[in-house]
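Given the structure is predicted, the values throughout are model-derived calculations rather than measurements. What you see below is based on every heavy atom in this structure, not just the backbone, and it leaves out hydrogens, waters and symmetry mates.
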Amino acid sequence: MVTRELLLARRGRINPDSFADYRAAGGYRALEEWLTRRTPEAFIEELKRSGLKGRGGAWFPTGLKLEMARGSESPRFMVCNADEGEPGTCKDRVLLEEDPHSVLEGLILAAWAVGSHRGILYLRGEYAHLAPRLEHALRQAEQAHLLGDDILGTGYSLHVELYLGAGAYVCGEETALLNSVEGLRGEPRLRPPYPTQRGLFGWPTVVNNVETLANLPVIAAYGGEWFRHIGHPDCPGTKLFSLVGDVKRPGVVEAPIGVSLEQLIEEAAGGVSGPWPVKWVQIGGACGGVLGKGRLPIDWHGVTLDPQALKALGAGLGTGSVLVCDSTRCPVDVARSLARFFARESCGYCTPCREGSLQILRALDRLATGIGRRQDVDNLDVLTRVMQAASRCALGQSAPVGLRGLLTHFRDEIEAHLLGRCPSGSCPMAEKPAGRDRTGAVAARHVAAAVRGGRAET
Ligand SMILES: Cc1cc2nc3c(=O)[nH]c(=O)nc-3n(C[C@H](O)[C@H](O)[C@H](O)COP(=O)(O)O)c2cc1C
Ligand code: SF4
């Protein structure tokens with residue numbers, strides 16, 4: 001069995017609106033044990049022992065982050081990042097929707113560990129339908145004296161508020177998120193200082209991802225040593241993988257970190273849905289690296305999903321989404337939809353990202369519609385490099401990663417578009433006549449075909 005469910009164990013087995021169901025399944029017991037009998041410092045040590053790393057995409061060691069904040073001045077803030085705007089990633093939503101108390105229990109444990117009395121749950125604007133469920137869960141926890149003043153008679157107090165984002169992808173970036181909560185424009189801040197030093201309203205703040213926090217009750221219950229033996233030695237635990245694209249059973253599954261890509265797709269996702277072979281796989285979201293020709297499907301068997309192994313292949317685990325593209329997918333068409341997303345979501349603060357993402361989109365638009373020039377392909381190389389090197393925040397720095405991967409693996413196919421030909425036959429060029437062609441040959445073929453009432457042979 002490729003899957004292992006630590007975080008999703010209760011999915012579909014409890015009523016997410018029922019506090020009693022969560023309690024009956026063992027929920028909040030670990031929190032009670034720690035808050036009434038142990039110390040925050042010991043919990044941070046337990047987290048460090050577990051080797052847990054943040055699941056929001058940056059993979060920063062969680063115990064270390066909490067320790068850094070605890071050592072800072074107070075008051076301190078604790079933020080749960082539930083902004084989840086990465087295209088193709090929907091894992092946090094599953095936790096919030098199916099097991100909201102597990103995220104709250106993690107949030108309370110983290111806040112207690114850093115000595116924070118104010119918590120914020122920052123929810124993605126598009127997940128507004130989950131707000132009533134989360135508000136309900138917060139009220140239930142308050143009634144059970146697990147939130148509010150003097151939690152469980154320990155003297156420790158924590159008040160958590162729900163904030164709804166307004167739909168900007170960049171507000172998932174932790175410092176833009178903090179600006180958004182402060183009522184400022186959702187623009188990333190320069191770092192240092194890091195949020196653990198100067199965060200919300202200038203006070204030390206820990207921002208953790210939903211999935212990261214959901215791991216805390218598991219570690220609190222079973223211990224760091226136990227956790228450390230699950231998954232990959234350098235990166236312990238399980239991961240929620242969002243399986244999307246050309247697979248038979250898209251969805252969210254939980255598997256140990258280090259699982260093989262082949263197993264995940266063949267067993268958990270039911271295999272590839274479109275024509276074999278797999279052309280490429282993009283891992284870690286829209287900003288993720290591409291495993292393509294020369295690696296798949298030839299080396300398919302050897303690819304394991306852990307940060308170290310993927311780094312060696314020029315990719316990363318990111319948010320854990322796995323986008324499978326079958327042999328009919330056109331790299332220009334897919335790159336174009338990624339570019340459209342980034343051009344829309346750039347916050348506009350810095351020129352390389354604001355202008356670069358727009359110019360990349362325009363070049364890909366021209367290539368996909370048959371009016372591309374050699375200079376467009378050359379510009380894609382230059383623009384992606386400049387964006388990566390000169391953008392102010394991780395959005396602009398990582399947005400071109402997928403496109404660069406496609407350029408590396410499928411340059412021939414991308415350049416074929418200069419001759420008015422889409423080898424995959426799946427981008428707009430394959431559907432409608434080219435508008436202009438510098439040699440005139442392609443346009444002439446399309447005109448002739450239009451006169452005949454058929455499609456041009458390209
Ligand atoms: C453009 C951008 C968007 C991001 N979106 C999210 C998000 O939706 N959720 C999230 O947890 N982290 C997101 N992050 C990462 C956060 O900045 C931060 O690293 C994370 O919330 C820290 O939590 P962790 O240590 O538990 O992973 C994003 C980063 C960038 C650059
Ligand atoms: S890189 Fe993009 S998102 Fe980041 S600050 Fe610059 S314009 Fe804004």
Side-chain angles (χ1 to χ4, degrees), residues 53-60 81 83-92 124 167-177 186-188 191 207 209-212 239-245 261 280-292 305-307 310-325 329 331 333-350 352-354 356-361 364 380-381 383-410:
K53 292 181 181 163
R55 306 301 201 233
W59 296 87
F60 190 82
N81 188 345
D83 196 50
E84 195 165 59
E86 193 68 42
T89 305
C90 45
K91 56 167 188 99
D92 295 342
R124 179 181 184 195
Y169 167 65
V170 73
C171 287
E173 195 282 337
E174 57 189 4
T175 61
L177 183 156
E187 290 165 348
R191 292 181 291 184
V207 182
N209 171 255
V210 166
E211 183 186 350
T212 311
K239 179 81 196 80
L240 302 189
F241 292 99
S242 310
L243 306 175
V244 293
L261 178 60
W280 77 86
V281 178
Q282 188 176 18
I283 295 175
C287 302
V290 167
L291 303 180
L305 297 177
D306 64 85
L310 288 171
K311 195 172 171 197
L313 297 175
L317 200 46
T319 56
S321 78
V322 178
L323 169 72
V324 177
C325 292
R329 297 288 164 188
D333 198 36
V334 173
R336 195 166 160 238
S337 69
L338 294 177
R340 200 177 299 125
F341 173 77
F342 288 118
R344 196 179 57 227
E345 296 297 340
S346 163
C347 83
Y349 186 97
C350 67
C353 171
R354 185 188 61 238
S357 56
L358 207 60
Q359 295 306 327
I360 286 173
L361 175 61
L364 289 165
L380 288 178
D381 272 326
L383 289 165
T384 50
R385 276 183 218 284
V386 171
M387 265 183 84
Q388 283 187 304
S391 290
R392 186 167 178 267
C393 85
L395 191 156
Q397 289 156 13
S398 56
V401 170
L403 174 56
R404 288 208 62 79
L406 292 172
L407 277 167
T408 305
H409 296 298
F410 303 104

Item checked: Straight-line distance of Met387 CE to Cys350 SG, nearest 0.5 Å -> 8.0 Å

Next item on the list: To the nearest 0.5 Å, tell me how far Leu323 CG sits from Leu291 CG.
Entry: 11.0 Å

Margin query: Once rounded to the nearest 0.5 Å, what's the spacing between atom OG1 of Thr319 and atom NZ of Lys91?
Written below: 6.5 Å

Check: With no hydrogens and no angle check, is any side-chain donor or acceptor of Ser337 less than 3.5 Å from a backbone partner on Val334?
Finding: yes

Margin query: Is it the case that the side chain of Glu86 and the backbone of Ala286 share a donor-acceptor pair, with hydrogens and angles ignored and the cut-off at 3.5 Å?
Written below: yes

Next item on the list: Look at the side chain of Ser242 and the backbone N and O of Cys90, then say whether any donor-acceptor pair between them is shorter than 3.5 Å.
Entry: yes

Notebook entry, point to check: Between atom SG of Cys287 and atom CG of Leu403, what is the distance when rounded to the nearest 0.5 Å?
Noted result: 12.0 Å

Item checked: Test applied, side-chain contact (heavy atoms from CB on, under 4.5 Å); reference residue, Gln282; option that passes from Leu338, Leu406, Val244, Val401 -> Leu338

Next item on the list: Evaluate side-chain contact (heavy atoms from CB on, under 4.5 Å) for Leu364 paired with Leu380, printing each intermediate quantity in order.
Entry: CA-CA 8 Å; Leu364 289 165; Leu380 288 178; 3.9 Å; yes

Item checked: Distance-minimising heavy-atom pair for Thr212 and Gly56 -> OG1-N, 4.2 Å

Notebook entry, point to check: Are any side-chain N or O atoms of Arg55 and backbone N or O atoms of Lys53, one a donor and one an acceptor, separated by less than 3.5 Å?
Noted result: yes

Checklist line | Non-neighbouring partners of Val322 that pass side-chain contact (heavy atoms from CB on, under 4.5 Å), sequence neighbours left out | finding: Phe241, Leu243, Leu261, Leu264, Ile265, Val281, Leu305, Val324

Margin query: So, taking the atom named SG in Cys171 and the one named CD in Glu345, what distance separates them when rounded to the nearest 0.5 Å?
Written below: 9.5 Å

Next item on the list: Would you name the heavy atoms of Gly402 and Val290 that are closest together and state the gap between them?
Entry: O-CG2, 3.6 Å

Item checked: Expected output: side-chain Thr175 to main-chain Pro188 donor-acceptor under 3.5 Å -> no

Next item on the list: Taking all non-hydrogen atoms of both residues into account, name the closest pair between Cys347 and Val170 and its distance.
Entry: CB-CG1, 4.2 Å

Check: Checking Asn209 side chain against Glu211 main chain: does a donor-acceptor pair fall under 3.5 Å?
Finding: yes

Margin query: Quick check against the 3.5 Å criterion: does Glu173 have a side-chain atom that pairs as donor or acceptor with the backbone of Cys393?
Written below: no

Next item on the list: For atom CZ of Phe341, decide whether the heavy atoms of other residues, nucleotides or ligands shown that lie under 6.0 angstrom number more than 12.
Entry: yes

Notebook entry, point to check: Closest approach of Lys239 and Trp59, non-hydrogen atoms and distance?
Noted result: CD-CH2, 3.6 Å

Note to self: For Tyr349 versus Arg392, what's the shortest heavy-atom pair and its separation?
What the structure shows: CE2-NE, 3.3 Å

Check: CD/Glu84 to CG/Asp92 distance, rounded to the nearest 0.5 angstrom?
Finding: 4.0 Å

Check: So which heavy atom on Pro352 is nearest to which on Ser391, and how close?
Finding: CB-OG, 3.9 Å

Notebook entry, point to check: Any side-chain heavy-atom pair from Leu395 and Cys353 closer than 4.5 angstrom?
Noted result: yes

Margin query: Checking the side chain of Thr384 only, and the main-chain atoms of Asp381 only, is there a donor and an acceptor separated by less than 3.5 Å?
Written below: yes

Check: Does some side-chain heavy atom of Arg329 sit less than 4.5 Å from a side-chain heavy atom of Trp280?
Finding: yes

Check: Between the main-chain N or O of Arg404 and the side-chain N or O of Thr408, is there a donor-acceptor pair closer than 3.5 Å?
Finding: yes

